[in-house]
Amino acid sequence: AIGVYTGLGSDYSGGTATVEEIIESFPEDIPDGAIIGGHSSNGNYVTPNALAVILPELYEQGYRFCTVSELLEYKGVAYDELPIHCYISRIETLSDGSAKVHTQRNLYLDSWREHPEDYKLLAFTFDDGPVPAKDTRMVDLFTKYAGSATMFVTGTQCKNNGYESLQYAINNGWDIGNHSMTHADAHNGKNPTDPAYTELTYDQLKYQIVDMNTLLESNLKMADGVTPYEVALYRPPQIRTTETIFDICEEENMPVIWLS
């Protein structure tokens with residue numbers, strides 16, 4: 001599986017992040033080859049508004065922006081060889097005296113097969129779309145800096161909001177990844193009758209993953225407007241994974257991309 005170096009704060013649906021908080025919390029000196037996690041789904045424009053400030057600053061610092069697939073192609077390594085580094089961010093002493101270790105998943109790769117000029121590459125990712133107006137604005141922001149990114153979308157959002165913004169993203173060099181058919185874990189704990197993503201059966205998970213691929217591939221084309229789109233990346237809802245999920249993704253030849 002492939003980890004994420006940092007995120008854009010609580011910019012998800014129901015999150016509390018403001019534009020200012022996202023900008024202020026965005027780390028400095030991000031390593032070359034890092035993957036950045038964000039969301040399309042929040043009910044306002046905090047993410048694109050924050051990106052309108054963050055992207056030009058990063059560009060000025062020598063960063064360039066690409067899709068996850070492009071990042072891995074530049075690395076020239078197999079998906080299952082990619083390292084996930086876990087760092088201890090803090091150790092909390094609980095009320096019973098025991099210790100809870102908080103870790104942060106980080107990914108950065110320091111050996112390149114090839115690299116575009118002398119720039120540092122970042123792969124931004126955005127979950128829970130499509131949200132057409134916001135997605136289109138983010139695509140235009142990245143295009144302004146000759147870059148692209150990756151969206152991980154759900155079937156529910158596709159059926160509600162259509163595919164036009166996703167096709168627009170593809171036509172501008174973006175990747176579209178699978179974020180499950182219904183984002184089942186979004187309801188875990190809210191409705192006791194809804195099973196957690198990790199409690200789904202093999203057939204239920206095939207629906208969430210394989211049928212979602214079919215849904216996207218039957219409604220999207222490659223940028224040439226003719227070739228059916230092929231989904232290559234999967235990000236499980238809320239990082240819920242089991243051996244069955246990994247088995248299905250292996251059957252589909254889809255690497256698992258962490259976070260959200």
Side-chain angles (χ1 to χ4, degrees), residues 1-4 7-8 10-15 35-43 47 67-69 79 84 105 123-132 134-135 149-163 165-167 169-170 174-220 228-260:
I2 303 166
V4 172
L8 296 177
S10 56
D11 71 332
Y12 43 80
S13 180
I35 297 176
I36 313 297
H39 293 79
S40 298
S41 61
N42 50 305
T47 303
T67 67
V68 172
S69 295
Y79 292 123
I84 296 178
R105 284 171 300 280
F124 279 81
T125 64
F126 302 98
D127 295 357
D128 300 346
V131 182
K134 291 171 57 181
D135 295 343
T150 303
M151 292 184 200
F152 289 95
V153 301
T154 69
T156 300
Q157 287 288 85
C158 287
K159 293 173 183 178
N160 289 339
N161 296 326
Y163 302 87
S165 65
L166 301 184
Q167 190 62 60
I170 292 170
W174 284 49
D175 278 349
I176 305 300
N178 181 335
H179 196 40
S180 82
M181 184 66 78
T182 68
H183 206 297
D185 259 327
H187 306 290
N188 187 27
K190 297 179 182 179
N191 184 348
T193 63
D194 289 342
Y197 202 69
T198 51
E199 297 172 353
L200 299 180
T201 66
Y202 178 84
D203 287 341
Q204 288 172 324
L205 286 168
K206 290 273 283 189
Y207 168 73
Q208 292 287 336
I209 300 170
V210 180
D211 286 15
M212 180 58 187
N213 281 352
T214 302
L215 181 70
L216 290 173
E217 292 171 355
S218 61
N219 285 280
L220 297 173
Y229 191 76
E230 182 176 354
V231 181
L233 305 170
Y234 173 68
R235 173 172 281 168
Q238 301 178 343
I239 328 178
R240 310 295 190 189
T241 54
T242 64
E243 286 303 313
T244 302
I245 291 172
F246 281 112
D247 288 345
I248 293 172
C249 287
E250 185 175 0
E251 293 168 7
E252 294 294 302
N253 194 29
M254 296 177 67
V256 175
I257 312 294
W258 287 108
L259 202 68
S260 186

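All of these numbers come straight from a predicted model, not from anything done at the bench.
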* Asked: If you round to the nearest 0.5 Å, how far is CG of Leu220 from CD1 of Ile170?
  ->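 Here the interatomic distance stands at 4.5 Å.
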* Asked: Which value, rounded to the nearest 0.5 Å, describes the distance between Asp127 atom CG and Ser40 atom OG?
  ->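 The distance works out to 7.5 Å.
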For [X] versus [Y], what's the shortest heavy-atom pair and its separation?
X: Met151; Y: Ala169; result: CE-CB, 3.9 Å
X: Asp211; Y: Tyr207; result: CB-O, 3.1 Å
X: Lys206; Y: Glu251; result: NZ-OE1, 3.8 Å
X: Gly38; Y: Leu8; result: CA-CD1, 4.0 Å
X: His39; Y: Thr47; result: O-OG1, 3.4 Å
X: Tyr234; Y: Ile245; result: CE2-CG2, 3.9 Å

Can a donor-acceptor pair be found, under 3.5 Å and without considering hydrogens, that links the side chain of [X] to the backbone of [Y]?
X: Thr154; Y: Met181; answer: no
X: Thr150; Y: Val68; answer: yes
X: Asn161; Y: Pro130; answer: yes
X: Asp135; Y: Gly129; answer: no
X: Glu230; Y: Glu217; answer: no

Any side-chain heavy-atom pair from [X] and [Y] closer than 4.5 angstrom?
X: Met254; Y: Ile248; value: no
X: Leu215; Y: Tyr163; value: yes
X: Leu216; Y: Tyr229; value: no
X: Gln208; Y: Pro236; value: no
X: Asn178; Y: Glu252; value: no

* To do: Just say parallel, tilted or perpendicular for the rings of His179 and His183, cut-offs at 30° and 60°.
  =>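 It falls in the perpendicular class, over 60°.
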* To do: Determine, stepwise, if the pair Leu166 / Trp174 fulfils side-chain contact (heavy atoms from CB on, under 4.5 Å).
  => CA-CA 9 Å; Leu166 301 184; Trp174 284 49; over 6 Å; no
* Asked: Between Ile176 and Gln167, is a side-chain contact (heavy atoms from CB on, under 4.5 Å) present by the stated rule, with each step listed?
  -> CA-CA 9 Å; Ile176 305 300; Gln167 190 62 60; over 6 Å; no
* Criterion side-chain contact (heavy atoms from CB on, under 4.5 Å) on Asp128 and Gln157, from CA distance to verdict -> CA-CA 7 Å; Asp128 300 346; Gln157 287 288 85; 5.6 Å; no
